[in-house]
There are 2 protein chains.
Amino acid sequence: MSSGRFKQDLYGQLARVARAIGHPNRLELLEYIAQGSRPVDELAAMTRLSVANASKHLQDLRQAGLVRARKEGVRVYYELAGPDVVDLLSAVRIVGETRLAEVEQLVRTYIDARDDLEPVPVDEVLRRARQGLVTVLDVRPPEEYAAGHLPGAVNIAADSLAGHLKSLPRGREVVAYCRGPYCLLSVDAVAFLRERGYKARRLENGFPEWKAAGLPVET
Amino acid sequence: MSSGRFKQDLYGQLARVARAIGHPNRLELLEYIAQGSRPVDELAAMTRLSVANASKHLQDLRQAGLVRARKEGVRVYYELAGPDVVDLLSAVRIVGETRLAEVEQLVRTYIDARDDLEPVPVDEVLRRARQGLVTVLDVRPPEEYAAGHLPGAVNIAADSLAGHLKSLPRGREVVAYCRGPYCLLSVDAVAFLRERGYKARRLENGFPEWKAAGLPVET
DNA sequence: CAACCAATCAACGAATCAGTTGAATATTAG
DNA sequence: CTAATATTCAACTGATTCGTTGATTGGTTG
C-alpha cells in the first residue's frame, strides 16, 4: 500500500498552510489584507516592515494559497484568497484564547478591562440596525471602509473621531467595529464615546469575520 | 499607546499555536491523539518515529496548548486539549483543499477516485441509523473504538474485515467511518464491501469531527 | 536495593527560516 | 529613450528547527 506516501504528502502540504500563519508578521499582514486589497508598500508601512521583508512574507502567504497577488500598473495588490482563510484565523484565535493563558491574559488586560465585557453579538446588531435603533460605526480608515463595510455603517476613522462627533446622533446607541476582535481601534472609540455620554458598545467581531460569515456587505 | 506591544505579543502567541501544527509529524500525531488518549511509545510506533523524537513533538504540542499529558504509572498518556483543536485542524484542511492544487489532487486520486464521490453527510447518518436503515461500521482498531464511537456502531477493524463479514447484515446498507476525512481505512473498507455485493458508503468525516460537532457519542 | 522500562533531557549537525543590504526587473512618466 | 518608482531577487548572517545518539530521570517490580 502506498497510503504512507499519501499521508506524508498530504500532511506535508497542510503543514505548509499552517507554517504560513506561523509568524507574527504574517498574521499582522493578513489582518490588514483581510480589510481589502492593498499594495506591498502600504502593507510594509502599516506593519513597519522593510519593503523587501514584507514582499517576502507576502510571497510566502501566496505560495501557501492564503492570498492572491494582482498586478495593477506598477504596483502589486495583495488580497485574501477567500473566506475560508478568515475561518482559519478565527480557529487559531479560539484555540489560543481557550488554551493559552498568555493569550487570555493579554485579551483581558487590553480589551475586556476597557470594554466592560459586553461585546454585541452579530445577529443583534443586524436586527437592531435595520430598525434604526443603533448607529453602526466603522472606525477604520476610509480606504478600508470604501473596500466594504456593514450595511448602513457610518465611517469615522478612530483618529478623527474627536472632530466628527456632530455626525453621530446624540440619543441613539452606537455600535463600533473595526478590523477584527483584536483590533483596538473600536476599543478606543467606545471608551472615548462613553466619556462623552454616549451609550456605546463594541461589536464582538470585525469586518472580515462579518463578511466571511456571509452576512450582507455594502461597498 | 502600548498597543504595539499588545499586537506583537498576541500574534507571537497565536503564531506559536500555528507553528505547532506546522509539521507533518505533529499533524499525524494529532490525528491519532484525536481518537482517544495514547501513551508516547504507542504514538511513536504508529507514526514510525523514534520515541525521543515523538516525545519532543508531543511536548511541542503540549506547550502550544493543543494536547494535555496525563501521567499514569510509568507511562504518559497524551490527549486532545478540546474540540476547538479539531475545529482548527478542519480549518487547515479546508483551506488546503480549496487553495492548494496539490492537496486537491492528492484527495482526488486517493479518495474520490475510489469512493465514487458520494460521502454520506452526518445528519443523514444520524437519522437513518436511528431508524435502523443502515449499519454504521467503525473500522478503526478496537482500542480507538473503545475510547468512543458513534452510537450503535459496529466495530470491525479494517484489517480483519475479511474474516468478520458474518456480523454484517447482508441486506442493509453500510456506512463506514474511521479516523477522519483523510483516513483511508474506511475507503478500503467501502471498496472491499462493494466488491462483495454490499451497498456501502463512506461517512464524510471521522470520529473526532463527529464528537467535536457535539453529536452523541457512545463508549 | 537492583533491574527494568517509559519518557525526557542534553548535545550535536544538517537544514530551514528571518531579516538586511544592494542589485535587478518592470512599468509608467516625461 | 531616460528617469523614477514599486517590487522582486540574490547573497549573506544569525537564529531556529528537526532528527539522532547517548545519558538521565522516575516509577514499578522482583
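Scope of the values below: all heavy atoms of this structure, side chains included, with no hydrogens, waters or symmetry mates. Residue numbering restarts at 1 for every chain, and letters A, B, ... go by the order of the sequence lines.
Position along DNA chain C of the nearest nucleotide to A/Ser50 versus A/Gly73 favours A/Ser50 as the more 5'-ward residue.
Distance CG (A/Leu61) to P (C/dC17): 14 Å, rounded to an integer number of Å. Rounded to an integer number of Å, the gap from A/Leu49 CG to C/dA18 P is 12 Å. Taking atom CG of residue A/Asp60 and atom P of nucleotide C/dG19, one finds them 10 Å apart after rounding to whole Å. The distance from atom CD of A/Glu28 to atom P of C/dG19 is 12 Å, rounded to the nearest whole Å.
Between A/His57 and C/dC17, a side-chain N or O to OP1/OP2 separation shorter than 4.0 Å is absent. Close to C/dT20, at under 4.0 Å from its OP1 or OP2, lies a side-chain N or O of A/Asn53.
Shown here are the salt bridge (Lys or Arg N to Asp or Glu O under 4.0 Å) partners of B/Glu204, two or more places apart in sequence or in another chain: there are none. Listed by chain and number, the residues in a ring pair (Phe, Tyr, Trp, His ring centres under 6.0 Å) with A/Tyr77 amount to none (sequence neighbours excluded). Annotation: ring pair (Phe, Tyr, Trp, His ring centres under 6.0 Å) contacts of B/Tyr145 (sequence neighbours excluded): B/His149.
Remark: B/Arg68 is not positioned above the aromatic ring of B/Tyr78, lacking an NZ or CZ atom under 6.0 angstrom from the ring centre and at most 45 degrees off the axis.
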Measure all distances between protein nitrogen or oxygen atoms and nitrogen or oxygen atoms of nucleotides 7-13 of chain C, and list the pairs falling under 3.5 Å.
| unit_1 | atom_1 | unit_2 | atom_2 | d |
| --- | --- | --- | --- | --- |
| C/dA7 | OP1 | B/Val40 | N | 3.1 |
| C/dA7 | OP1 | B/Val76 | N | 3.1 |
| C/dA7 | OP1 | B/Val76 | O | 3.4 |
| C/dA7 | OP2 | B/Asp41 | N | 2.6 |
| C/dA7 | OP2 | B/Asp41 | OD1 | 3.2 |
| C/dT8 | OP1 | B/Tyr78 | OH | 2.9 |
| C/dT8 | OP2 | B/Ser55 | OG | 2.4 |
| C/dT8 | O5' | B/Ser55 | OG | 3.4 |
| C/dC9 | OP2 | B/Gln59 | OE1 | 2.6 |

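At distances below 3.5 Å, at least one donor-acceptor pair connects side-chain atoms of A/Glu218 with backbone N or O atoms of A/Gly152. Remark: the backbone N or O of B/Ala64 is not paired with any side-chain donor or acceptor of B/Arg19 at under 3.5 angstrom.
In 5' to 3' order, the nucleotides of DNA chain D bounding all contacts with chain B (an atom under 4.0 Å from a heavy atom) are D/dT17 to D/dT28.
Within a heavy-atom distance below 4.0 Å of DNA chain D, no residue of residues 18-25 of chain A is found.
Ring pair A/Phe6/B/Tyr182 is perpendicular by interplanar angle, where above 60° counts as perpendicular and below 30° as parallel.
Side-chain contact, A/Asp138 with A/Tyr177: a donor N or O sits under 3.5 Å from an acceptor N or O.
A salt bridge is defined here as a Lys NZ or Arg NE, NH1 or NH2 lying under 4.0 Å from an Asp or Glu carboxylate O, and B/Asp188 with B/Arg114 meets this definition. Taking 4.0 Å as the cut-off between side-chain N and carboxylate O, B/Arg70 and B/Glu72 count as a salt-bridged pair. Comment: B/Arg99 does not engage B/Glu104 in a salt bridge, judged by the lack of any side-chain N to carboxylate O separation of less than 4.0 angstrom.
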